[in-house]
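Down below is the structure, laid out as structure tokens.
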Amino acid sequence: TFDFLIGIAAVKVKKYQQAVFALERTVIVRPKWKLARFNLAKSYFYIDNLLAAKNELNKLQPLVTDEAFKQTISLFLDKIEQSVLNKQKQLKQLIGISIGHDSNINSGAILDEFQSPLLNQPIQLSLESQETSDEALYFNYQLRYQTPINQNKLIISEVALFHTDYKESKHNKFQSSIAQISAKYQDTLSWSTFQAGVYLRPLLLDSAMYRNQYGFEGNLIIPIHKKI
């Protein structure tokens with residue numbers, strides 16, 4: 001048909017959007033025209049409509065008897081699958097800086113004394129034991145990379161740093177830095193998303209190592225509504 005000729009001409013000059021318009025009309029009129037449907041799938045692929053390209057090839061497969069053509073369709077489907085996976089590869093970076101007020105930077109006591117049941121008299125707390133406030137600067141950096149295993153499964157790795165500093169130099173000893181290194185496996189099921197991974201979280205106080213925290217974590221994410 002005339003639409004088919006226009007579509008093939010558009011494919012040859014790589015005007016794939018025009019090819020789609022013409023070849024869509026062609027397969028509506030002649031749905032079993034294998035060459036028209038194959039070129040429609042090809043045009044969809046090159047305008048990045050991967051789902052439509054896959055659907056057209058799936059419709060075409062039962063119509064094809066030629067083994068060489070079947071192999072071509074199979075290779076094309078593999079190429080679409082790989083393109084879908086490549087789109088799921090992501091590298092994200094996040095940097096945040098904020099200013100706030102911390103009313104108790106040392107996790108101290110609110111009162112300046114407490115009553116001892118043994119001594120029957122109040123005990124005065126040292127200034128260092130009482131709550132101390134200061135203006136705080138918060139800095140965080142996160143680097144996250146995800147790579148797909150297939151369309152439903154991912155490996156996610158993350159490196160993050162959270163640092164807190166204070167305005168008064170006498171409060172430098174309360175500076176803290178928490179790092180996080182983690183890796184997790186994610187599987188998207190029909191009704192939920194499952195994640196399992198490991199993490200390491202070193203904590204530094206006043207630029208000195210305070211503790212290392214590490215462990216295993218698992219998450220089950222169930223959407224309340226499928227459209228959310």
>> Please say yes or no: joined through hydrophobic side-chain contacts below 4.5 Å, possibly via intermediate residues, are L5 and V20 part of one cluster?
In response: yes
>> Rounded at 0.5 Å granularity, tell me how far CG in N172 sits from CD in Q175.
In response: 4.5 Å
> How far apart are the closest heavy atoms of A36 and L23, and which atoms are they?
Replying inline: O-CD2, 4.2 Å
>> Given 3.5 Å as the limit, does a donor-acceptor pair link the side chain of T193 with the main chain of L189, or not?
In response: no
> Side chains of E24 and Y44: do they bring a donor and an acceptor to under 3.5 Å?
Replying inline: yes
>> If you count every heavy atom of other residues, nucleotides or ligands that lies below 6.0 Å from F216 atom CZ, does the total exceed 12?
In response: yes
>> Return the OG1 to CD1 distance between T188 and I221, rounded to the nearest 0.5 Å.
In response: 8.5 Å
> Can you check side-chain hydrogen bond (donor to acceptor under 3.5 Å, both in side chains) on Q82 and D78, steps first, answer last?
Replying inline: CA-CA 6 Å; Q82 188 58 51; D78 289 343; over 6 Å; no
> Is T147 close to Q90 at the side-chain level, that is, under 4.5 Å between some pair of heavy atoms?
Replying inline: no
>> Ring of F21, cation from R25 - is the NZ or CZ under 6.0 Å from the centre and inside 45° of the axis?
In response: no
> Going hydrophobic residue to hydrophobic residue with side-chain gaps under 4.5 angstrom, can you get from I105 over to L204?
Replying inline: no
> Stepwise, does the side chain to side chain contact (heavy atoms under 4.5 Å, CB included) test hold for F4 with L35?
Replying inline: CA-CA 9 Å; F4 174 73; L35 190 58; 3.8 Å; yes
> What distance do L77 atom CG and T72 atom OG1 have between them, rounded to the nearest 0.5 Å?
Replying inline: 11.0 Å
> Does any N or O in the side chain of R37 come within less than 3.5 Å of the main-chain N or O of P31, such that one atom is a donor and the other an acceptor?
Replying inline: yes
>> Check the orientation of F76 and F45. Use parallel for under 30°, tilted for 30 to 60°, and perpendicular for over 60°.
In response: perpendicular
>> Looking at Y210, I'd like to know if its OH atom is crowded, meaning that more than 12 non-hydrogen atoms belonging to other residues, nucleotides or ligands lie closer than 6.0 Å.
In response: no
> Could you state the interatomic distance from CZ (R201) to OG (S182), rounded to the nearest 0.5 Å?
Replying inline: 8.0 Å
> Which pair of heavy atoms, one from Q213 and one from R211, lies closest together, and at what distance?
Replying inline: OE1-NH2, 3.9 Å
> Which heavy atom of A53 sits nearest a heavy atom of A41, and at what distance?
Replying inline: CB-O, 3.3 Å
> Does CZ belonging to R144 count more than 12 external heavy atoms closer than 6.0 Å?
Replying inline: no
> Is any side-chain heavy atom of Q146 closer than 4.5 Å to a side-chain heavy atom of Q186?
Replying inline: no
>> Would you compute the distance between atom CG of N212 and atom CG of L203 and round it to the nearest 0.5 angstrom?
In response: 9.0 Å
> Within a strict 4.5 Å, meaning less than it, do heavy atoms of the K34 and V64 side chains meet?
Replying inline: yes
> Does the side chain of D134 come within less than 4.5 Å of F174's, by heavy atoms?
Replying inline: no
> Can you name the nearest heavy-atom pair linking G7 to A19, along with the distance?
Replying inline: O-CB, 3.6 Å
> Within a strict 4.5 Å, meaning less than it, do heavy atoms of the K42 and E56 side chains meet?
Replying inline: no
> Heavy-atom distance under 4.5 Å between the side chains of Y138 and I99, does that happen here?
Replying inline: no
>> Do V11 and Y46 sit in one hydrophobic cluster, given that two such residues count as connected whenever their side-chain heavy atoms are within less than 4.5 Å of each other, even indirectly?
In response: yes
> Would I80 end up clustered with Y16 when hydrophobic side chains under 4.5 Å apart are linked, directly or stepwise?
Replying inline: yes
> Taking atom CG of D102 and atom OG of S133, what is their separation to the nearest 0.5 Å?
Replying inline: 8.0 Å
>> Quick check: closest heavy atoms across L50 and S83, and the distance to 0.1 Å?
In response: CD1-CB, 3.9 Å
>> Under the criterion side chain to side chain contact (heavy atoms under 4.5 Å, CB included), I'd like the reasoning laid out for I155 against I149: C-alpha separation, chi angles, the key distance, then a yes or no.
In response: CA-CA 7 Å; I155 298 295; I149 300 172; 3.9 Å; yes
> Are K92 and Y145 close enough, and set up right, to give a side chain to side chain contact (heavy atoms under 4.5 Å, CB included), and what steps lead you there?
Replying inline: CA-CA 6 Å; K92 293 182 178 180; Y145 177 72; over 6 Å; no
> Are V29 and I8 linked, directly or through other ILVMFWY residues, by side chains that come within less than 4.5 angstrom of each other?
Replying inline: no
> Does CG belonging to L94 count more than 12 external heavy atoms closer than 6.0 Å?
Replying inline: yes
> P148 versus K153: any side-chain heavy-atom pair under 4.5 Å?
Replying inline: no
> Less than 4.5 Å apart, any side-chain heavy atom of I73 and any of K70?
Replying inline: no
> Between S176 and L205, what is the shortest heavy-atom contact and its length?
Replying inline: CB-CD2, 3.6 Å
> Under 3.5 Å, side chain of T26 to main-chain N/O of A22, donor-acceptor pair present?
Replying inline: yes
> Does a side chain donor of either E158 or Y199 reach within less than 3.5 Å of an acceptor in the other side chain?
Replying inline: no
> Do Q180 and L200 pass the side chain to side chain contact (heavy atoms under 4.5 Å, CB included) test, and can you show the C-alpha distance, the side-chain angles, and the key distance before you say yes or no?
Replying inline: CA-CA 6 Å; Q180 174 168 300; L200 171 66; over 6 Å; no
> For the residue pair F69 and F38, is the inter-centroid distance of their aromatic rings smaller than 6.0 Å?
Replying inline: yes
